[in-house]
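A short worksheet on the structure shown next.
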Amino acid sequence: MDPTGLPTGSPYLAGGSSYRQWIEALANITRAVNDDLSEREVGDLIARTCTQLVGVDRVAVLVADPDRNTLRAVGGAGLSPDFIEHVNGGPGIQIFPEDSDFDVAPSSKVFRERRAVSLPDVRNSTSFAPWREWAESEGFSAMFSVPLVTGNEALGTIACYNDSVGHLTSPQREFSELIADHAALALQSFQLRRRQAQSIDELSRTLAMLSRRQELHTTLIELALQGGTVSDIVAAVQAELGFPISLSEETEPSANTVRLPLDGTQFSSIHVEHPLDEESRMALESAGLVVALEIQRAQSLEEASDRHMSDLLNEILTTDHLTDLAGLADRALRFGYRLDVPSRLVVLRADDPTPTSSRRIAQIARSIAPEARPQMIASYGTDTTVVLVPDSPDHAAIPETLYSVLKRKFGSSSVSAVVGPKCKGPAQLASNFRILKSALRIRQTRGLYGTMAYLSDLGTLQVLLPGVSDEAIEFSRRLLLPLQEQGHRASDALIPTLCCYLANGRSTSRAAKALEVHPNTVSNRLERIAQLTSGSLDDTDHLLDLRLALLIQEVLTCASTNPAPHNEKERHDTSIDRQPRKRPA
């Protein structure tokens, strides 16, 4: 009997265990760590050794998880598999429980305080209450738990269970602690070896990934050097990875994309339909580098072609100063275009130009061009794109098709265009280009955004754009001069008010709303305009004179910023390339 009056457990070294048996048992634990055994196999060996050498009925070996939040069972002896699964399932044995209706579990207390705990009768222990049903089903009544400690670090606990109530004897406690010390060293060595093996496996996988990545990179570089296109490179990457990939305009980083290491192009990333693992991401990063190099190479070729095509168009559109038409026709044939067939011009500009909008419009125009001869030519300047379309059945739908594609590709942005009439030669093309560019600018200035118009449908503007007579200029100047002379109150607002009034269907209220003034203000200004021009805005003839005078001024203003070329430098500056004009607020 022990001092509490409860019977003690089995005698120490029950079965007559000798010191040799102790040494062999501890050596087996050490050898197990060096053998290729699992953590569960090592834990079971420690538990069996404890039951044999200490003389207890059942043993559980508990180890803290990496986060040191719970204890999990890594081995057992004399316990059912259900008990081990119950310990490891669900929340487990909480080391630092946040909320509990019971005391801290005995094994958690042993782990936290690093000292042994003895429960001679688990039925009377409040801390063991959550496990009482399991004790009854397993058939044990007493518990003794000892910590697994190495140096200053606690690894877990060894929990010994006896079927009969009572404390372990002093020798049993002493030698259970001895086994725990040896087991702690063994488990620590096992964990270190396991982490080392994991590191080696991770390093091996990384080296294998790098090797595969290098092989893929070499394959793609060779493919690019042999003249493979971006599509060929993408197909090779798909074949290597075993899943489809695509080039995307997406710029935001995500688990499904790999950014291309270049900016300013249509494509910004490689996209897949599922999140990428580390190996696939590394492979796509390598592929992205080759794709970026190929895109840059193609861009360089395209830019060189653009320069030559732009120079050709500049000369075609300024033929009134050319003498070598035969040489120009020969250069055009190199691009598949014939100057001796009728053609028409399409002039396009983004309503909110960006540094790349005109180039992108030209690229889209080329992408929809039919293969038929003669071919069409598309080039661009700072903010203007020009498409020279042969007048043939194969190209008849090009203006409408191009504008439809642009509306879809540019999304929320908008593009405006003007289509010219059929021209029979370079001389007509040059004069038509200046007219079309002026017409497009006037329409955008008026706020006619996101539209495509044919020059033949522009009415009076079509008549005035080819040239305004001196008499018409003098008529416009004389009629509008009183509205511009200094000394009249609010004279600066008279012409803008008149333009807004006419643009809004001669509605005073709509004009006031557009100008953000009171309707009475608009009415007063209109009365002042009528007085200064010696007429009535209700008079149809006088109103027509005012409309014509304003339109002449608009055409003249446009012509002054886009004059006809007189020398080689002006031919380049005024043909396609012009500073961008932002959409007015």
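Since we're looking at a predicted model, the values are computed, not measured.
The side-chain hydrogen bond (donor to acceptor under 3.5 Å, both in side chains) check on N124 picks up D121, with sequence neighbours excluded. Scored by the side chain to side chain contact (heavy atoms under 4.5 Å, CB included) test, E41 finds L37, S38 as partners (sequence neighbours excluded). Not a single ring pair (Phe, Tyr, Trp, His ring centres under 6.0 Å) links F111 to another residue, sequence neighbours left out. In this structure S80 satisfies the side-chain hydrogen bond (donor to acceptor under 3.5 Å, both in side chains) test together with E138, sequence neighbours excluded. Take D163 and apply the side-chain hydrogen bond (donor to acceptor under 3.5 Å, both in side chains) test, not counting sequence neighbours, and it matches R58. Evaluation of the side-chain hydrogen bond (donor to acceptor under 3.5 Å, both in side chains) rule for N504 yields no partner, not counting sequence neighbours.
Expressed to the nearest 0.5 Å, how far CG of L440 lies from OG1 of T451 amounts to 8.0 Å. In this structure, CD on E136 lies 9.0 Å from OG on S141, to the nearest 0.5 angstrom. Note that CG of D57 is 6.5 Å distant from OG of S164, once rounded to the nearest 0.5 Å. Residue H182 holds its NE2 atom at 9.0 Å from OG1 of T49, rounded to the nearest 0.5 Å. In this structure, S107 OG and R112 CZ are separated by 12.5 Å, a value rounded to the nearest 0.5 Å. Rounding to the nearest 0.5 Å gives a distance of 5.0 Å between CD of E177 and CZ of F144.
With T401 contributing its side chain and I398 its backbone, the two residues share no donor-acceptor pair below 3.5 Å. Checking side-chain atoms of N88 against main-chain N and O of A73 turns up a donor-acceptor pair under 3.5 Å. Under the 3.5 Å distance criterion, the side-chain polar atoms of R193 are left unmatched by any main-chain donor or acceptor of Q188. Within the 3.5 Å criterion, the main-chain N or O of P353 finds no donor-acceptor partner in the side chain of S357. With hydrogens and angles disregarded, a donor-acceptor distance shorter than 3.5 Å links the side chain of T30 to the backbone of L26. Counting only distance, with no hydrogens or angles, the side chain of E174 and the backbone of P171 share no donor-acceptor pair below 3.5 Å. Side chain of S404 to main chain of E400: no donor-acceptor pair is present (N/O by atom type, distance under 3.5 Å, no hydrogens or angles). Using modelled atom types, one side-chain atom of T385 and one backbone atom of S358 make a donor-acceptor pair closer than 3.5 Å. In this structure, the side chain of S125 does not engage the main chain of V122 through any donor-acceptor pair within 3.5 Å. A distance-only check finds no donor-acceptor pair linking the side chain of R349 to the backbone of V415 [under 3.5 Å].
Using a 4.5 Å heavy-atom cutoff, the side chains of P399 and V346 are in contact. Side-chain contact check for K409 versus I361: every heavy-atom pair is 4.5 Å or farther apart. A heavy-atom distance below 4.5 Å is found between the side chains of L348 and V387. In this structure, the side chains of T157 and V61 stay at 4.5 Å or more apart for every pair of heavy atoms. Contact annotation: the side chain of F243 never approaches that of Q238 to less than 4.5 Å [non-hydrogen atoms, C-beta and beyond]. In this structure, V42 and V74 have side chains that are not in contact, with every pair of non-hydrogen atoms separated by 4.5 Å or more. Using a 4.5 Å heavy-atom threshold, the side chains of T150 and L187 count as separate. Between R173 and S118, some side-chain heavy-atom pair lies under the 4.5 Å cut-off.
The local environment of CZ in R194 is crowded, with over 12 non-hydrogen atoms from other residues, nucleotides or ligands closer than 6.0 Å. Within 6.0 Å of CD on Q198 lie more than 12 heavy atoms contributed by other residues, nucleotides or ligands.
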side-chain contact (heavy atoms from CB on, under 4.5 Å) assessment of E202 paired with S204
CA-CA 5 Å; E202 290 176 1; S204 299; over 6 Å; no
Going through the checks in order, is the side-chain contact (heavy atoms from CB on, under 4.5 Å) test met by N69 and I95?
CA-CA 5 Å; N69 292 325; I95 298 175; 5.9 Å; no
What's the verdict on side-chain contact (heavy atoms from CB on, under 4.5 Å) for R123 and V165, showing C-alpha distance, side-chain angles and the deciding distance?
CA-CA 9 Å; R123 294 170 298 181; V165 296; 3.5 Å; yes
For the pair H86 and W131, evaluate side-chain contact (heavy atoms from CB on, under 4.5 Å) and give the outcome as yes or no after the intermediate values.
CA-CA 10 Å; H86 179 72; W131 306 89; 3.3 Å; yes
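Between Q444 and A350 the shortest heavy-atom distance is NE2-O, 3.7 Å. When all heavy atoms are compared, the tightest approach of I84 to G76 is CD1-CA, 4.5 Å. In this structure, I93 and S108 approach most closely via the heavy-atom pair CG2-OG, 3.3 Å. Nearest heavy-atom pair, M143 versus S145, reported as atom, atom and distance to 0.1 Å: CE-CB, 3.8 Å. Between C50 and I179, the shortest heavy-atom distance links the atoms CA-CD1, 4.0 Å. A pairwise comparison of heavy atoms in A25 and L53 identifies CB-CD1, 3.7 Å as the closest pair.
Side chains of D351 and S416: a donor on one and an acceptor on the other come within 3.5 Å. A side-chain donor from one of Q172 and T169 sits under 3.5 Å from a side-chain acceptor of the other.
Applying the side-chain contact (heavy atoms from CB on, under 4.5 Å) test between Q94 and each of L71, T70, V104 identifies T70 as the sole match. Screening L119, V59, L79 against Y161 for a side-chain contact (heavy atoms from CB on, under 4.5 Å) leaves a single residue, L79.
Salt bridge present: R40 and D44 bring a charged side-chain N and a carboxylate O closer than 4.0 Å. With respect to D65 and R72, no salt bridge is recorded, no charged nitrogen being found less than 4.0 Å from a carboxylate O.
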